[in-house]
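Data block below; observations after.
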Amino acid sequence: MRASAAQAAFLIMPSSSLSGQLRRSLLLRILSKPTPSREDLDSVIELTATKVVEQLQCQSMTLYLVEGDHISFRHVYYSPTLWGNDKAKEAQFKQTAVKLLEMKLAKGTGNVGKVIETGQPLFFTSKGPDAASLKNMNTGFEVQSMLTVPLKTNIVIGAIQLLNKEIYAGTNGQFEQKDLPILQELAVYSATLIQRMLDPKFQLGPEDTAKFVAKFTDLPLVTKLEGLEVEDKLVEITGQEIIRREGVFPVKRTGANTVSVLMANPLDYAKREAFQQATEMTIDEVRVAPANLIEQLIKKYFKDSGKGSRPATGDSDADIAAVAELIDTAYSPTGGEVKAEELESEDSGPIIQLANRLIEDAYISGASDIHVEPLEKELLVRYRVDGLCQEKLRLPKQVANALVTRLKIMCNLDIAERRLPQDGRIIFKKFTKKNIDIDLRVATGPMNFGEKVVMRILDKQKSTLPLTALGFSEENLAKYRECIRQPYGMILHCGPTGSGKSMTLYSALSEVNSVDVNIQTAEDPIEYTLAGINQMQMNRQIGLTFARALRCYLRMDPDVILVGEIRDKETAEIAIEAALTGHLLLSTLHTNDAPSTIARFSEMGAEVFNISASLVCVCAQRLLRRVCRNCKVSYEPKDREKEIIEKAIGWSGQIFKANPQGCHLCSGSGYKGRVGIHELMINNEELTEGINKEIETAELKRIAVRGGMKTLHQDSMLKVKQGTTTVEEALANVPPDLII
């Protein structure tokens with residue numbers, strides 16, 4: 001660094017204030033070059049000085065480098081505490097810094113020369129045997145202590161010298177013995193990278209690079225495979241292609257849509273963003289790992305480096321195919337290894353395997369539901385993925401009773417009762433040795449060709465999503481957040497089964513949850529356990545209904561009450577009573593849109609003036625499939641499509657459609673994941689008046705729109721505009737508005 005450049009840097013800001021963002025950009029610039037030039041040396045020195053001052057809180061820091069037979073000053077830092085408000089003194093220190101940066105010392109001069117010559121550190125204090133040497137230092141201020149360490153690789157290339165601890169550190173300006181190893185560690189990391197700048201032949205290994213990055217970014221460092229817990233399913237879902245291309249290895253989920261990852265270069269934000277877009281997962285935690293360690297992980301989890309689609313363990317799809325083939329063979333005319341009659345028992349080994357493999361495979365496939373459906377001549381298994389059912393398996397009809405009975409046993413249902421519907425729950429970790437911690441909500445019912453079983457997968461490893469991740473527009477999000485912070489009133493969510501109502505309610509509760517708020521829920525079933533919230537499971541067989549739970553809660557000093565669903569007049573009246581007596585009540589209804597909720601409440605027998613007085617807002621919602629970010633196709637809408645978009649949101653321009661061929665990320669479907677659309681009807685004076693007059697639902701909708709409500713159709717078109725979904729998907733779920 002030339003003296004003028006150093007002077008400019010010193011005058012603008014002290015090293016300790018070098019921002020984290022600037023520090024990261026400097027490191028990225030250095031590490032992204034295969035062979036960094038000497039010009040990058042200034043950046044490494046700046047980074048080193050910043051880190052040293054931050055960690056050791058020194059009043060003065062000087063970095064020296066050996067240049068032939070001389071020692072040059074390469075960085076000088078003085079703390080503003082040395083001059084306070086004295087402008088003349090500040091100018092004096094700045095002049096001193098400029099002079100020092102222009103000076104060179106002969107090798108062996110002073111304490112610095114001794115450290116460079118011997119390669120050993122020096123540690124002096126004003127109370128130690130070397131106190132006299134501190135008094136002889138011509139620094140312009142009283143020196144209380146000194147730390148000087150070498151910058152050493154295979155040779156000594158310089159030194160770092162610190163004078164005085166900051167007064168606010170509480171040590172009276174004295175460095176302590178524990179400060180020496182910290183400075184030595186920083187010097188080792190810095191020396192390695194500085195040497196790389198100075199000597200093109202000097203090679204920096206992946207381990208050294210990782211150590212330097214971890215140290216100077218304050219990120220955790222991983223150097224061994226031992227003790228590293230990796231979620232197989234997460235690796236499988238991501239795929240080798242994305243991991244190799246982006247240099248990001250996913251380790252574990254930290255939330256419903258967030259992950260912890262390993263990176264050799266976590267400062268490459270372009271790669272991080274590309275990974276997040278390709279996987280639709282947000283990087284929540286980054287740890288630094290050497291590039292060769294990440295390569296070891298890829299080889300460990302992917303047998304065939306050319307395929308890159310499945311990990312070496314947990315190949316559930318292959319397991320289920322093998323079990324299905326065994327069952328098909330047993331029922332073929334030629335027979336097989338297992339007799340057909342043996343497969344008609346719920347205790348049969350293949351039947352037990354089949355039940356387990358179905359659940360494991362559905363979980364890995366990202367399914368929300370498993371349908372086991374008896375047909376006239378066979379048994380059909382379907383998964384619901386991203387809201388659409390897709391066929392997975394067809395089995396001989398003879399296996400149906402045994403499989404259904406096995407599933408009933410797993411959830412403690414009455415296996416003798418085949419004439420009536422039954423509900424149960426499977427705690428799957430009791431039946432598998434794999435790291436799959438899920439529960440399944442099970443419903444059985446008699447069909448014309450046998451009993452059908454539907455299993456809803458409840459992933460206990462997932463946590464609630466933040467409200468910002470649910471698809472709310474900025475306008476709706478701000479309004480909804482204001483609603484859930486009201487001290488009392490009723491907030492209702494409506495929509496069909498599987499429209500995301502429960503997740504939205506859980507997310508709302510998580511946002512308002514704190515130690516000073518008493519939140520109590522009545523649910524059927526409890527889908528996710530929320531920390532710090534009192535949750536009650538309904539049990540109609542013993543008379544524990546929503547109405548009874550609500551009555552109980554009104555005597556338990558609640559602030560916020562969640563009722564899973566309002567189904568009858570009794571529950572509706574108690575819910576309204578709770579909302580009118582100082583409690584915030586959240587619940588769900590099954591209606592098509594927000595204004596229809598008023599009519600539904602009236603049909604239950606609730607008084608309209610109580611509805612209008614208690615209602616805060618109604619949120620209708622749906623889930624639309626996201627168009628795959630990796631393979632979506634842009635185009636300009638025409639004719640009917642263009643007319644629909646312009647009428648809904650007054651906009652026209654480029655939008656996207658699904659690729660008919662799809663890609664490996666979306667399994668050829670063109671869609672991956674889902675996003676919510678919302679119709680948020682907030683109560684106001686005009687709406688209250690309309691509800692009390694019992695006007696038609698269509699007129700209520702017009703009033704709500706005049707008050708700022710965006711309809712489901714309008715919000716779906718906004719998602720189309722943003723490139724989140726397609727016109728086809730939006731119209732398949734919500735028709736265009738006819739009355740506005």
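All of these numbers come straight from a predicted model, not from anything done at the bench.
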> Parallel, tilted or perpendicular for F472 and Y480, by the 30°/60° rule?
Replying inline: parallel

>> Please enumerate all residues that pass side-chain hydrogen bond (donor to acceptor under 3.5 Å, both in side chains) together with T139, with sequence neighbours excluded.
In response: none

>> Please give me the minimum heavy-atom distance between V112 and Q161, naming the atom from each residue.
In response: CG2-NE2, 3.4 Å

> Salt bridge between E67 and R74, side-chain N to carboxylate O under 4.0 Å?
Replying inline: yes

> Can you check whether F124 reaches N111 side chain to side chain, under 4.5 Å on heavy atoms?
Replying inline: yes

> Could you walk me through whether E176 and T171 pass the side-chain hydrogen bond (donor to acceptor under 3.5 Å, both in side chains) check?
Replying inline: CA-CA 8 Å; E176 299 173 303; T171 58; 5.9 Å; no

>> For a 4.5 angstrom cut-off between non-hydrogen side-chain atoms, does T62 reach I160?
In response: no

> Does Y363 have K233 sitting over its ring (NZ/CZ under 6.0 Å from centre, angle to axis within 45°)?
Replying inline: yes

> Between S190 (side chain) and A187 (backbone), is there a donor-acceptor pair under 3.5 Å?
Replying inline: no

> Are K107 and E117 ion-paired here, with the side-chain N under 4.0 Å from a carboxylate O?
Replying inline: no

> Ring centres of F175 and F123 under 6.0 Å apart?
Replying inline: no

>> Under the criterion salt bridge (Lys or Arg N to Asp or Glu O under 4.0 Å), I'd like the reasoning laid out for E511 against R485: C-alpha separation, chi angles, the key distance, then a yes or no.
In response: CA-CA 9 Å; E511 182 144 324; R485 285 177 169 80; 3.3 Å; yes

> Taking only residues two or more places apart in sequence, or in another chain, which ones meet E285 in a side-chain hydrogen bond (donor to acceptor under 3.5 Å, both in side chains)?
Replying inline: S260

